[in-house]
Undergrad: 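Here it is, the structure, as structure tokens.
Letters A, B, ... mirror the listed sequences (proteins, then strands); counts begin at 1.
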Amino acid sequence: MNSSTSAPAKPGDFIRDIIDADLQAGRHDEVITRFPPEPNGFLHIGHAKSICLNFGLANDYRQRLPQSKTRCNLRFDDTDPAKEDTLFEEAIQADVQWLGFEWGGLYHASDYFEKMYEYAEHLISAGKAYVCSLSDAEIKEYRGSVTTPGKPSPYRERTTEENLDMFRRMRKGEFKEGEHVLRAKIDMANANMKMRDPLLYRIRHTSHHMTGDKWCIYPMYDYAHPISDAIEGITHSICTLEFENNRELYDWMIDNLKDYAKFPSRPHQYEFARLNLNYTVMSKRRLQELVEGKHVSGWDDPRLPTIAGLRRRGYTPESIRAFCASVGIAKANSTVDMAQLEFCIRDDLNTKAARVMAVLKPLKVVIENYPEDSVEELNAPYWPQDMQKEDETKRTTRKVPFAREVYIEEDDFMLDPPKDYYRLGPGREVRLRYAYLVTCTDVVKDASGKVIEVRCKYDPNVKPGESPPDRKVKGAIHWVSAKHAVDAEVRLYDRLLSEEAPPTGKDSEFINAINPGALQSLTGCKLEPSLASVKPAERFQFERQGYFISDVKDSKPSNLVFNRIVTLKDSWTRAQKK
RNA sequence: UGGGGCGUCGCCAAGUGGUAAGGCACCUGGUUUUGAUCCAGGCAUUCCGAGGUUCGAAUCCUUGCGCCCCAGCCA
């Protein structure tokens, strides 16, 4: 039965336990979920967690149930016309697809506005809803507080006829915004504030991106959401922890409407903890502030944890899905370490990204005993030894030209290196990767004493790529032939914030926590010539440095631009800091 | 000082009365022409605290403590 080779042990979680029990007990014979974003911003990695859960559930149970009995809908929760936009909807759809998921149906809460209106009239007729004409300040006052009960609105006992008439006139547009609202008639003294006659409809003379000017009354989330779920036949309605208090109201709505509406399902709401990540910001408000305040280049700035930003940064959908699986689903508020996300992309790219050589901060090296005009085309494998074995396609090699003058990384030379530094220094020998062994014989300094050129001699007796049997040369550094190098701009990205947690409270204070080194743009970087023709969005490992991707927007063959996705794990510089 | 939730290793997270999974991080050693990868090993006598029940408790009971959410005509 269980013969799959590498099916990663799907971690169970309390939601899957509930669904299993529901199926077992016959409470449901389908698993229908939904991902319900409000189209008023871009999706971020926190949404990815919800997407992986909701779409993942549908995918998982497809193994057990008939195709027609499991799906995940994409539903835009577009009940607030002032904030929502089609532009966001398009971006959201692109993000969900890019993450690798397919929705069963694509809907809008606004698809159901007419039904919702009808159900509202039903509630009024049943004495379960009334038009309240208190001002917003009065409503707030009448609601009481968490420790004191509220008191009934003076409009609470309007007759059904009057309520119906008022509500119809609200729809017709006879009133100004704020003059009246429709409220559920529940219990103004309920210990759960959400149950104190919650608002169902408010007047908004604003056109809606989907329904235009058809409506001037719009349903509130607590009214629209359960109805939308029930109409779509959702079985398990999954949301985040802050909606726990809303669940009682969710159930109230469904229970008071189901006999009349004959919904195809009796959905239940379950809550899980949203994702928090350190060294970044996740709230819609903060992301928006970064974008609108021009602290970043846009919603897809590679420093942002938005799906669009991660995509442009070079993250793969697989790595994000692996990350979401690795953090699990639970009910405890938690903050995941950014290192866990970074591990996931390194782990994925390790087997996907070809190795190439690029010098980011060039230092010229002249090999004095190498012939002036000679050029050798050396063979360099795209993949490390151990990886070739597992995949035939990863046996490929390219030629890299070697000549008398090459560039090496500034950091790979030290004038007075410690003994455990096995790179280049006066009198020291290193291997130029895939090429020769060179020994530093001299340096050239500028007026300020800075080393601007390193003089070396190479050992002509050791063939390129070969190891001398007698000597142990510990260091192997990357290099690029000076006259063959291709210039490029390389954008070194790092964590958005320099602090683990952004300062809380005070609206804009987190702006001060932005890591000034989150983007460091380098020009005049020297790439091996094989990179001259890379197309946008191609990923590589620049050996010994990290994973990089050609920028999808700015990189052109004539003007190469690479983004650093993530550095390689680096135990050397970590040890240095101690 | 109401109601709803949550507290298991530095960070996530299994576990639901039978004697603390796993991942990340970290540490040690091996391999290595990436100080990468890979491989081997280490890393909670203890589960927020205190009592109690039991042969036996992270799991049950009592009682403290801490944190999150709810008083938008946002979602």
Undergrad: Evaluate A:Tyr155 against A:Tyr130 for ring-ring contact (aromatic ring centres under 6.0 Å, His included), listing each step before the verdict.
TA: CA-CA 8 Å; A:Tyr155 303 97; A:Tyr130 63 97; 8.6 Å; no
Undergrad: With no hydrogens and no angle check, do the side chains of A:His478 and A:Arg355 hold a donor and an acceptor under 3.5 Å apart?
TA: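 On atom types as modelled, these side chains do not qualify, holding no pair under 3.5 Å.
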Undergrad: So what's B:G64 paired with, Watson-Crick or G-U wobble, going by both distances under 3.5 Å?
TA: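 Base-paired to B:C48.
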Undergrad: Measuring from the side chain of A:Phe343 (C-beta onward, heavy atoms only), which nucleotide among B:G35, B:C24, B:A75 has the closest atom?
TA: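 Closest of the options to the side chain of A:Phe343: B:C24.
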Undergrad: Rounding to the closest angstrom, what is the interatomic distance between B:C68 and B:U63 at atom P?
TA: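 Rounded to whole Å, the distance is 24 Å.
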Undergrad: Are side-chain heavy atoms of A:Glu84 and A:His208 found at a separation under 4.5 Å?
TA: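 The answer is yes; the side chains approach within 4.5 Å.
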Undergrad: Calculate the interatomic distance between A:Asn276 atom CG and B:C67 atom P; express it in whole Å.
TA: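 One finds 17 Å between P of B:C67 and CG of A:Asn276, rounded.
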Undergrad: Do the ring planes of A:Tyr250 and A:His225 sit parallel (below 30°), tilted (30 to 60°) or perpendicular (above 60°)?
TA: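 Answer is tilted, since the angle falls between 30° and 60°.
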Undergrad: Is the NZ or CZ atom of A:Arg495 positioned over A:Tyr279's six-membered ring, under 6.0 angstrom from the centre and within 45° of the axis?
TA: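 Geometry flag: set, cation within 6.0 Å and 45°.
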Undergrad: State whether A:Ser334 places a side-chain N or O below 4.0 Å from either non-bridging phosphate oxygen (OP1 or OP2) of B:C11.
TA: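 Answer is no, no contact under 4.0 Å.
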Undergrad: What distance, rounded to whole Å, do you find between the two P atoms, one in B:A14 and one in B:C48?
TA: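 One P to the other, the span is 14 Å.
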Undergrad: Below 4.0 angstrom, N of the basic side chain to O of the carboxylate: do A:Arg423 and A:Glu409 qualify?
TA: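 So A:Arg423 does not pair with A:Glu409 through a salt bridge.
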Undergrad: Between B:G5 and A:Arg274, is there an OP1 or OP2 to side-chain N/O distance shorter than 4.0 Å?
TA: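 No, because none of the side-chain N or O atoms of A:Arg274 sits under 4.0 Å from OP1 or OP2 of B:G5.
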Undergrad: So which nucleotide from B:A75, B:C6, B:U32 ends up closest to the side chain of A:Lys331?
TA: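 In terms of side-chain proximity for A:Lys331, the closest of B:A75, B:C6, B:U32 is B:C6.
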Undergrad: Nearest of B:U37, B:C24, B:A71 to any side-chain atom of A:Val146?
TA: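 Of all the options, the side chain of A:Val146 is nearest to B:A71.
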Undergrad: Does B:C26 have a Watson-Crick or wobble partner in any strand here, with both distances under 3.5 angstrom, and which is it?
TA: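 Across any shown strand, B:C26 pairs with B:G42.
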Undergrad: Compare the minimum distances between each of B:A71, B:U34, B:C12 and the side chain of A:Leu568, then state the nucleotide with the smallest one.
TA: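 Given the options B:A71, B:U34, B:C12, the side chain of A:Leu568 is closest to B:U34.
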Undergrad: In terms of side-chain heavy atoms of A:Arg143, which of B:A71, B:G5, B:C74 is nearest?
TA: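 Of B:A71, B:G5, B:C74, B:A71 is nearest to the side chain of A:Arg143.
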Undergrad: Under 4.0 Å between a side-chain N or O of A:Arg544 and OP1 or OP2 of B:G35?
TA: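 For B:G35, OP1/OP2 do have a side-chain N/O of A:Arg544 under 4.0 Å.
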Undergrad: Given that both distances must come in under 3.5 Å, which nucleotide forms a Watson-Crick or G-U wobble pair with B:G56?
TA: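 Base-paired to nothing in any strand shown.
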Undergrad: Do any side-chain nitrogens or oxygens of A:Arg574 fall under 4.0 Å of OP1 or OP2 in B:C26?
TA: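 Checking B:C26 against A:Arg574, a side-chain N or O does come within under 4.0 Å of OP1 or OP2.
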Undergrad: Is the distance from OP1 or OP2 of B:A36 to the nearest side-chain N or O of A:Ser571 less than 4.0 Å?
TA: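 It does, given that an N or O in the side chain of A:Ser571 lies less than 4.0 Å from OP1 or OP2 of B:A36.
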Undergrad: Side-chain donor-acceptor pair under 3.5 Å between A:Asp78 and A:Ser110, yes or no?
TA: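 Side chains of A:Asp78 and A:Ser110: pair found under 3.5 Å.
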Undergrad: Determine whether any donor atom in the side chain of A:Asn245 lies under 3.5 Å from an acceptor atom in the base of B:G3, or the reverse, and answer yes or no.
TA: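 Check passes, donor-acceptor contact within cut-off.
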Undergrad: B:A50 and B:C9: how far apart are their P atoms, nearest whole angstrom?
TA: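 Their P atoms lie roughly 16 Å apart.
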Undergrad: Closer than 4.0 Å, any side-chain N/O of A:Lys140 to the OP1 or OP2 of B:G72?
TA: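 So the side chain of A:Lys140 is within the cut-off, an N or O lying under 4.0 Å from OP1 or OP2 of B:G72.
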Undergrad: Can you figure out which of B:G35, B:C38, B:C26 approaches the side chain of A:Asp386 most closely?
TA: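 For the A:Asp386 side chain, the nearest candidate turns out to be B:C38.
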Undergrad: Under 4.0 Å between any heavy atoms, over every strand shown, what does A:Tyr422 touch: base, sugar-phosphate, or nothing? Just pick one.
TA: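 Here A:Tyr422 touches the bases of the nucleic acid.
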Undergrad: Taking any strand in view, what nucleotide pairs with B:G72 in a Watson-Crick or G-U wobble way, both distances under 3.5 Å?
TA: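 When the pairing criteria are applied, nothing turns out to pair with B:G72, so the answer is none.
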Undergrad: Of the options B:G2, B:G5, B:A36, whose atoms approach the side-chain atoms of A:Glu244 most closely?
TA: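 My answer, after comparing the listed nucleotides, is B:G5.
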Undergrad: Mind checking who B:U16 pairs with, Watson-Crick or G-U wobble, both distances under 3.5 Å?
TA: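 For B:U16, the partner nucleotide comes out as none, under the 3.5 Å rule.
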Undergrad: In terms of side-chain heavy atoms of A:Gln340, which of B:C26, B:C24, B:G3 is nearest?
TA: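 Looking only at heavy atoms from C-beta outward on A:Gln340, the closest nucleotide is B:C24.
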Undergrad: Should A:Arg433 be listed as having a side-chain N or O under 4.0 Å from OP1 or OP2 of B:A36?
TA: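 Checking B:A36 against A:Arg433, no side-chain N or O comes under 4.0 Å of OP1 or OP2.
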Undergrad: Which one, B:C74, B:C12, B:C68, comes nearest to the side chain of A:Val336?
TA: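 Nucleotide nearest to A:Val336's side chain: B:C12.
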Undergrad: Please state whether the phosphate of B:C74, meaning OP1 or OP2, lies under 4.0 angstrom from any side-chain nitrogen or oxygen of A:Arg202.
TA: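 For B:C74, OP1 or OP2 has a side-chain N or O of A:Arg202 closer than 4.0 Å.
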Undergrad: Confirm from the modelled atom types if A:Gln541 and B:U34 form a donor-acceptor pair under 3.5 Å, side chain to base only.
TA: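 Side chain to base: pair found, below 3.5 Å.
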Undergrad: Is there a donor and acceptor pair closer than 3.5 Å between the side chain of A:Glu271 and the base of B:G5?
TA: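 A donor-acceptor contact between them is absent.
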Undergrad: Classify A:Asp570 by what it touches in the nucleic acid, base, sugar-phosphate, or nothing, heavy-atom distance under 4.0 Å.
TA: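 Result for A:Asp570 = nothing.
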